[in-house]
Amino acid sequence: MEIEKKLLKKASLEKLFEKLKADGKKMYAPVKKDKLVNFALVDTFGEICDDYILTVKSAKSVAFPKIEKIVDYEHSKNSSKAIDIDVSNFPEVVLWGVRPCDAVGFDSLDAIFTWDYKDNIYLARLEKTSIISFSCFKSDNNCFCTSVNGNPGGTKGSDILLTKISNGDYLVEIITEKGKQIIAKAPELFEAAPTEEKDKNLTNVPIKFNVKDITENSAKFFENDLWVEQSLRCIGCGACAFVCPTCACFDIQDESAGKNGTRLRLWDSCCFSLFTMHTSGHNPREVQSQRWRQRIMHKFSYMPERLNVVGCIGCGRCSRACPVDMNISEHLINLAEEVKK
Amino acid sequence: MDDIRKKAKELLENKTVQVVIGYGKGSGEEARAIFVRDAAKTDQLIFDETCLQNLAVYILKHEVKHLGKIAIVATSSVLRSIMILASEQQLKDGDLVVLGITSDGKYIDLPNFKAIEDYLATLNVSITDKEKELLKMIDAMTMEERWAWWQNEFSKCFKCYACRSACPMCYCPKCTTDSNQPQWIPVASHQLGNMEWHLMRAMHLAGRCINCGECAKACPMDIPLNLLTYKMIDEMNANFGVTVGMKPDAVFALSTFKNEDKENFIR
Ligand code: SF4
Ligand code: SF4
Ligand code: SF4
Ligand code: SF4
Ligand code: SF4
């Protein structure tokens, strides 16, 4: 679909929000609570925070929440029954205020959740979600979208992208069919596209490394002291994976009361030492350097190779969240340099 | 600081140790942990007010132990952690070389546990005024308010366990919360699961927490969970008169049983 462009007046932004809300959509938008900005269910436009680079947690929760029921079960004397989750009841959601990198993040999740088995729960949630992104006019040193094929005004993954122009109005880019349907809820709010160039309103994110140096050469550094060098200070928690828009690993746990219960899908992280622990006690990823390598290789080698997408969108959240300053772009620059040696 | 670099260099050169754990320049404003294994690189060691991490968390990490004998740049938090680890039989005197450092960056020679104990006795190791105020604020709440306050904080938790990983005293190879057969506490990060995790963590650290603040600093969701263990410090102090982490052979008030105990409920 060709991208259609329009103008939305500054004052009409709130009206668009109200229209979608009135249409019965659940509106998730960045909200500042106790100093942190994160996506939350909002009732009024006034609750939305517009002064943020990125939310601490990514937007992935709408389709891949930290806890997802995947099946209910019942046991009785002579039978066992599995009861599927009713995916038809998931709500219609609008994700408002997503950054372009986060929108691309859903491509990685899609690739994983449809690779072999089509994950009906994830797909049903995403199907009901419309993504309204806002281009970035601010960034920090941890942002590196431009090094992984993204950009602060990128349209990929979004249904609609809004870019604030110099007079405070918005350039609207309608990217998908879902985006069109959203505009159709309030056509009166939209006017002919502004002539002002989009790019001059975007933040500048310098390119830090050439991603192909890494994705095409991973075989060269699988066995390398660099992994130990980089990961000695890593304490093996789940912070980086849990804030990451593309990390999709999960754990399965049952919660039961008597003979009946629910099977849950919970976020997990390859950086936990127990992640690969076998029942026998053997752990194929025995040390943190192997786990750190897995984190990087999964995103920059296995995913590009098998799923045709880079598994990192350069949001820098993991670097911001890491308690011990494991700065991912710094480590990727090291790898790209290593290849050239 | 030059003294520390010189000492570190010496230790590596004469192979007394194979690695020096200290602080180096970070990618942002805060310094990061570095692991110097080459005498020529000891000038990467720094010390200033941005050197905050409690490096003791690395002492028992097997990837670090595997490198050989350790020397560690030790702030008062590191020293107190060492005292706990020693009291819990995780460290013996002489297992590592301690490069003591004062808050203004002066090297202090601490050749053995006794020297550490004597040095710690000269320090004020209480929590900060800001933390005291927060505790007071929580104490002043009614039970209902307190419940609501903590529920709001716990609701942000997603069980990434950065708090646990950052704490030198959370060294269990398999944490209680990771057990799923049986599940001692709910594994999922829902309201009950979060609350039980925090209660359990606080209880496991009661009388062992040395108020380094690392757990709260590590939390990506900014949950002031250190206040729970700090409250325990107050309780320990009030009930048993102990300041935690001051000597290498401490008897733990909450995990010690004596026949002559004046309470008889336990018998
Ligand atoms: S790995 Fe880090 S920078 Fe890349 S997408 Fe995940 S959180 Fe963002
Ligand atoms: S890189 Fe940082 S956030 Fe990730 S596991 Fe290691 S210490 Fe935790
Ligand atoms: S670091 Fe914070 S979010 Fe993570 S488990 Fe601990 S309290 Fe929860
Ligand atoms: S919370 Fe308790 S069981 Fe878990 S690592 Fe800490 S001390 Fe060990
Ligand atoms: S303040 Fe937190 S990290 Fe430090 S010892 Fe206490 S519980 Fe552990």
Side-chain angles (χ1 to χ4, degrees), chain A residues 33-36 38 56-57 61 65-69 140-142 228-229 231-243 251-256 262 264-269 271-274 277 279 286-290 317-331, chain B residues 19 21 23-37 53 55 57-58 61-64 66-67 152-153 155-168 170 173-175 178-181 183 186-190 192-193 214-224:
Chain A
K33 188 178 168 218
D34 304 338
K35 291 196 248 165
L36 301 185
N38 273 306
V56 178
K57 292 188 281 181
S61 302
K66 66 177 180 179
I67 305 171
E68 184 80 279
K69 262 191 188 194
D140 68 14
N141 287 336
N142 291 313
V228 175
E229 203 57 53
S231 70
L232 271 172
R233 69 178 179 282
C234 171
I235 53 177
C237 62
C240 48
F242 287 11
V243 298
D251 184 22
I252 304 276
Q253 295 279 347
D254 289 349
E255 283 191 350
S256 52
T262 301
L264 303 173
R265 165 160 83 197
L266 312 172
W267 287 352
D268 205 344
S269 168
C271 286
F272 288 137
S273 62
L274 291 188
M277 178 74 92
T279 332
E286 235 187 326
V287 287
Q288 204 61 31
S289 54
Q290 295 167 328
R317 278 196 179 84
C318 51
S319 305
R320 293 183 199 94
C322 178
V324 296
D325 190 25
M326 292 283 285
N327 187 291
I328 192 168
S329 58
E330 175 190 324
H331 289 157
Chain B
V19 57
I21 311 175
Y23 301 98
K25 211 181 134 356
S27 68
E29 278 158 23
E30 205 183 310
R32 63 163 62 141
I34 60 169
F35 302 80
V36 187
R37 280 159 289 164
Q53 193 188 351
L55 299 177
V57 72
Y58 296 114
K61 216 181 140 192
H62 90 196
E63 290 83 349
V64 178
H66 172 80
L67 300 171
N152 173 52
E153 292 300 335
S155 72
K156 300 174 215 166
C157 177
F158 51 13
K159 288 200 172 179
C160 68
Y161 300 124
C163 48
R164 177 184 73 187
S165 302
C167 176
C170 267
K174 191 172 177 198
C175 174
D178 286 326
S179 169
N180 57 0
Q181 298 279 0
Q183 290 184 354
V187 180
S189 168
H190 43 46
L192 183 66
E214 208 54 46
C215 47
K217 207 153 65 63
C219 177
M221 301 309 292
D222 258 3
I223 302 170

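By convention in this document, chain letters (A, B, ...) are assigned in the order of the sequence lines, proteins followed by strands, and residues within each chain are numbered from 1. Note that the structure is predicted; figures quoted are calculated from it, not measured.
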Q) What part of I34(B) lies closer than 4.5 angstrom to a heavy atom of chain A: side chain, backbone, both or neither? A) neither

Q: Sort H62(B) into side chain, backbone, both or neither according to what part of it lies under 4.5 angstrom from a heavy atom of chain A.
A: side chain

Q. Checking E330(A) against chain B: side chain, backbone, both or neither under 4.5 Å from a heavy atom?
A. side chain

Q: Please look at S319(A) and chain B and tell me whether the side chain, the backbone, both or neither of the residue comes under 4.5 angstrom of a heavy atom of that chain.
A: neither

Q.
So which residue, G28(B), S165(B), C219(B), ends up with the most heavy-atom pairs under 4.5 Å with chain A?
A. S165(B)

(Q) I'd like to verify something: which residue of V56(A), L264(A), V243(A), V324(A) has the highest number of heavy-atom pairs under 4.5 Å with chain B? (A) V324(A)

Q: Mind checking the OG-NZ spacing from S189(B) to K66(A)? Nearest 0.5 Å is all I need.
A: 3.0 Å

Q | Atom pair CD (E286(A)) and CD (E63(B)), whose distance is rounded to the nearest 0.5 Å | A | 9.0 Å

Q: Could you tell me which portion of E153(B) (side chain, backbone, both or neither) has an atom closer than 4.5 angstrom to a non-hydrogen atom of chain A?
A: side chain

Q: Heavy atoms only, distances under 4.5 angstrom: which of E214(B), K156(B), H66(B), K217(B) has the most pairs with chain A? Name it, please.
A: K156(B)

Q: Please tell me if the side chains of N327(A) and R32(B) come closer than 4.5 Å, counting only heavy atoms from C-beta onward.
A: yes

Q. Is it the side chain or the backbone of N142(A) that comes within 4.5 Å of chain B heavy atoms, both, or neither?
A. neither

Q | Side chain proximity check, L266(A) to V187(B), heavy atoms < 4.5 angstrom | A | yes

Q) Side chains of V19(B) and L232(A): closer than 4.5 Å at any heavy-atom pair? A) no

Q.
Between Q53(B) and chain A, with a heavy-atom cut-off of 4.5 Å, which part of the residue counts as in contact: side chain, backbone, both or neither?
A. side chain

Q) Based on non-hydrogen pairs under 4.5 Å, which of N152(B), I21(B), L67(B), V64(B) is most in contact with chain A? A) N152(B)

(Q) Is Y58(B) in contact with chain A via its backbone, its side chain, both, or neither, using a 4.5 Å heavy-atom distance? (A) side chain

(Q) Using 0.5 Å steps for rounding, measure from the CD1 atom of I328(A) to the OG atom of S27(B). (A) 12.0 Å

Q. So, D251(A) and N180(B): side-chain donor and acceptor under 3.5 Å apart, yes or no?
A. no

**Q.** Heavy-atom closest pair, residues I67(A) and A188(B)
**A.** CD1-CB, 4.0 Å

Q) For D325(A), is it the side chain, the backbone, both or neither that has a heavy atom under 4.5 Å from a heavy atom of chain B? A) both

Q: Return the minimal non-hydrogen interatomic distance between A162(B) and A239(A), and the atom names on each side.
A: CB-CB, 4.3 Å

Q: Side chain from CB out, backbone as N, CA, C, O: work out which of these in V287(A) comes under 4.5 Å of a heavy atom of chain B, or both, or neither.
A: both

Q. Hey, what do you get for NZ (K159(B)) to CH2 (W267(A)), rounding to the nearest 0.5 Å?
A. 14.0 Å

Q: Sort K61(B) into side chain, backbone, both or neither according to what part of it lies under 4.5 angstrom from a heavy atom of chain A.
A: side chain

**Q.** Spacing of NZ belonging to K33(A) relative to CE belonging to M221(B), to within rounding of 0.5 Å
**A.** 9.0 Å

